[in-house]
Number of protein chains: 2
Amino acid sequence: MDFDLILRNVSKHITLNSRESDYFISLLEPKKAVRNEFLLHEGEVCRHSAFVTHGCLYGYTVDHKGGEHVISFAPADWWIADLYSVISGKPARMNIRAQQDSEVLLLSRTKQEELHIRVPKFERFFRIIIENSLVASQQRIIDNLSLTAEERFRDFCRRYPTLTASVPQKHIASYIGITPEFFSKMRSRMSRKR
Amino acid sequence: MDFDLILRNVSKHITLNSRESDYFISLLEPKKAVRNEFLLHEGEVCRHSAFVTHGCLYGYTVDHKGGEHVISFAPADWWIADLYSVISGKPARMNIRAQQDSEVLLLSRTKQEELHIRVPKFERFFRIIIENSLVASQQRIIDNLSLTAEERFRDFCRRYPTLTASVPQKHIASYIGITPEFFSKMRSRMSRKR
DNA sequence: GGCAACAAATAATCTAGATTAAGAAATAAA
DNA sequence: TTTATTTCTTAATCTAGATTATTTGTTGCC
């Protein structure tokens with residue numbers, strides 16, 4: 001199994017000796033998911049955070065009219081979870097699914113808490129990861145309030161060039177908060193212009 | 001000066017002995033702000049997190065068309081900062097302002113880092129605070145994508161009953177993502193119905 | 001008290017994006 | 001390779017909420 005990616009991810013923020021990194025790795029549970037497989041169904045309690053090593057996952061919610069809303073994409077080198085459920089132990093509001101055949105490393109909340117106690121540096125690591133997620137999440141709120149759909153799409157392309165090509169358009173449309181029909185219309189309008 | 005509130009806030013997540021809490025308090029810088037005073041101007045680097053002990057602050061951004069968007073309210077017992085700027089050291093995108101005459105306790109990022117080293121429990125404390133903020137922030141994204149303005153307003157009233165009465169309507173309108181004009185129209189429509 | 005500045009209400013008009021409905025392309029599956 | 005399923009496109013119509021403009025309350029403040 002390939003733990004290289006996650007160790008490099010961790011080492012961006014904290015430094016581990018080999019005993020610590022061995023211990024960390026011993027807590028991880030590798031898992032494969034085929035295309036379209038669910039890693040989490042809404043209503044289940046989410047007990048793990050997943051670090052993506054290959055492929056791409058995505059998280060989405062379903063509203064009371066049946067509309068699906070993509071909340072986050074997780075390509076390789078990203079973490080994904082229903083944090084609300086992980087923290088509170090209550091049923092998840094999110095579905096997490098594999099966009100393509102993917103591989104992840106699961107870290108259960110229980111093991112994560114052990115890790116915080118045995119190697120307190122990880123408290124710092126996760127604080128930093130979450131700080132960055134919060135900044136991104138707030139920026140997305142600002143963008144949704146102040147940019148047009150077209151501007152949000154351009155932003156998306158700039159920020160996630162890889163995803164732009166590899167995920168279905170309807171998921172991008174959903175992520176930026178518009179319908180697939182309008183997305184299509186918008187794109188043809190954009191290409192006509194230049 | 002009144003440190004009771006912040007100590008109770010901290011003790012929700014970690015336990016301090018009296019030496020630790022004295023040290024923590026020694027890092028805090030009390031500050032008063034009169035109504036409408038800015039604690040942070042967009043473009044400045046945000047070097048502190050503020051814990052509100054009295055009154056209420058709010059954070060907002062200004063888009064390229066001059067539109068203001070309220071990002072967060074911080075009544076007593078809440079933290080507020082432009083986290084992006086605090087973390088990156090880059091110019092803030094947010095303005096932070098006093099809604100009413102207010103009192104805050106400032107914790108500089110430098111002092112916070114000292115604190116993390118001397119009392120590592122605080123790493124945990126801030127991780128938890130930020131985890132909760134992230135959950136709230138993600139829920140707000142979901143709500144903006146899947147609820148109508150009226151539903152978002154009802155939600156707002158349920159979640160922040162105190163604020164509903166005490167902050168200007170245009171700020172609530174901005175927070176839930178609509179214009180003050182539409183907010184007014186919506187409210188009269190709502191009261192007509194029941 | 002009276003004037004200035006701001007906050008809220010009302011109404012007419014406009015628009016970004018939703019909805020509905022078909023068909024065309026592309027993928028998957030058999 | 002044919003069929004089935006899903007994704008994407010196009011187009012007509014519709015609507016939640018924006019914009020603009022005017023009026024009426026409020027809350028300062030000298």
Side-chain angles (χ1 to χ4, degrees), chain A residues 34-38 55-56 58 60 62-70 73 97-101 143-157 163-193, chain B residues 34-38 55-56 58 60 62-70 73 97-101 143-157 163-193:
Chain A
V34 301
R35 191 175 130 75
N36 288 334
E37 185 177 334
F38 283 84
C56 183
Y58 68 107
Y60 69 95
V62 180
D63 66 34
H64 51 278
K65 285 166 219 137
E68 302 189 355
H69 304 280
V70 175
F73 292 108
R97 232 179 146 181
Q99 194 87 236
Q100 323 142 19
D101 293 356
D143 289 351
N144 285 336
L145 293 173
S146 51
L147 302 181
T148 64
E150 197 170 319
E151 291 168 322
R152 271 175 276 143
F153 176 51
R154 285 187 202 284
D155 246 55
F156 181 90
C157 295
L163 288 180
T164 310
S166 71
V167 313
Q169 299 187 14
K170 61 170 190 168
H171 287 169
I172 300 179
S174 172
Y175 184 89
I176 65 177
I178 61 178
T179 58
E181 293 85 354
F182 183 71
F183 184 71
S184 177
K185 183 174 163 184
M186 188 183 81
R187 281 182 67 242
S188 78
R189 185 214 298 153
M190 285 169 75
S191 64
R192 222 172 306 128
K193 269 196 295 193
Chain B
V34 302
R35 192 175 128 75
N36 288 332
E37 185 178 334
F38 283 83
C56 182
Y58 67 108
Y60 69 94
V62 181
D63 66 33
H64 52 277
K65 284 166 218 136
E68 301 188 355
H69 304 280
V70 174
F73 292 108
R97 236 179 141 179
Q99 195 85 239
Q100 322 142 21
D101 293 356
D143 290 351
N144 285 336
L145 293 174
S146 50
L147 302 181
T148 64
E150 197 170 319
E151 290 169 321
R152 270 174 277 144
F153 176 50
R154 285 186 202 284
D155 246 55
F156 181 89
C157 294
L163 288 179
T164 310
S166 72
V167 314
Q169 298 188 15
K170 62 170 190 168
H171 287 169
I172 300 179
S174 172
Y175 183 89
I176 65 177
I178 59 179
T179 58
E181 292 85 353
F182 183 71
F183 184 71
S184 178
K185 183 173 162 183
M186 189 183 81
R187 281 181 69 242
S188 78
R189 185 215 297 154
M190 286 169 75
S191 65
R192 223 172 305 127
K193 270 195 295 193

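Residue numbers begin at 1 in each chain, while the letters A, B, ... track the order of the sequences. Side chains included, hydrogens not; waters and symmetry mates left out as well; all remaining heavy atoms used.
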Open item on the list: Using a 4.0 Å heavy-atom cut-off to protein, can you give one letter per nucleotide of nucleotides 7-20 of chain C, 5' to 3': B if the base is in contact, S if only the sugar-phosphate is, - if neither?
Closed with: SSBB------BBBB

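- One end of the helix from C/dG1-D/dC30 to C/dA30-D/dT1 points its axis 50° away from the other end's axis, with each axis taken from 5 pairs and the angle rounded to 10°.
- Not counting sequence neighbours, the partners of B/S146 by the side chain to side chain contact (heavy atoms under 4.5 Å, CB included) test are A/D63, A/H69, B/I142.
- In terms of the ring pair (Phe, Tyr, Trp, His ring centres under 6.0 Å) criterion, A/F182 has no residue partners (sequence neighbours excluded).
- The side-chain hydrogen bond (donor to acceptor under 3.5 Å, both in side chains) test applied to B/T164 returns no partner, not counting sequence neighbours.
- Counting to the nearest Å, the C1' atom of C/dA28 and the CG atom of A/N36 are 11 Å from each other.
- Take A/R35 and apply the side chain to side chain contact (heavy atoms under 4.5 Å, CB included) test, not counting sequence neighbours, and it matches A/D101.
- Taking A/L163 as the reference, A/C56, A/F73, A/P75, A/F156, A/Y160, A/S166, A/V167 meet the side chain to side chain contact (heavy atoms under 4.5 Å, CB included) condition, with sequence neighbours excluded.
- Not counting sequence neighbours, B/E181 has no partner by the side-chain hydrogen bond (donor to acceptor under 3.5 Å, both in side chains) test.
- No side-chain donor-acceptor contact under 3.5 Å links A/E68 and A/H171.
- Scanning for side chain to side chain contact (heavy atoms under 4.5 Å, CB included) contacts around A/K170 gives A/P168, A/P180, with sequence neighbours left out.
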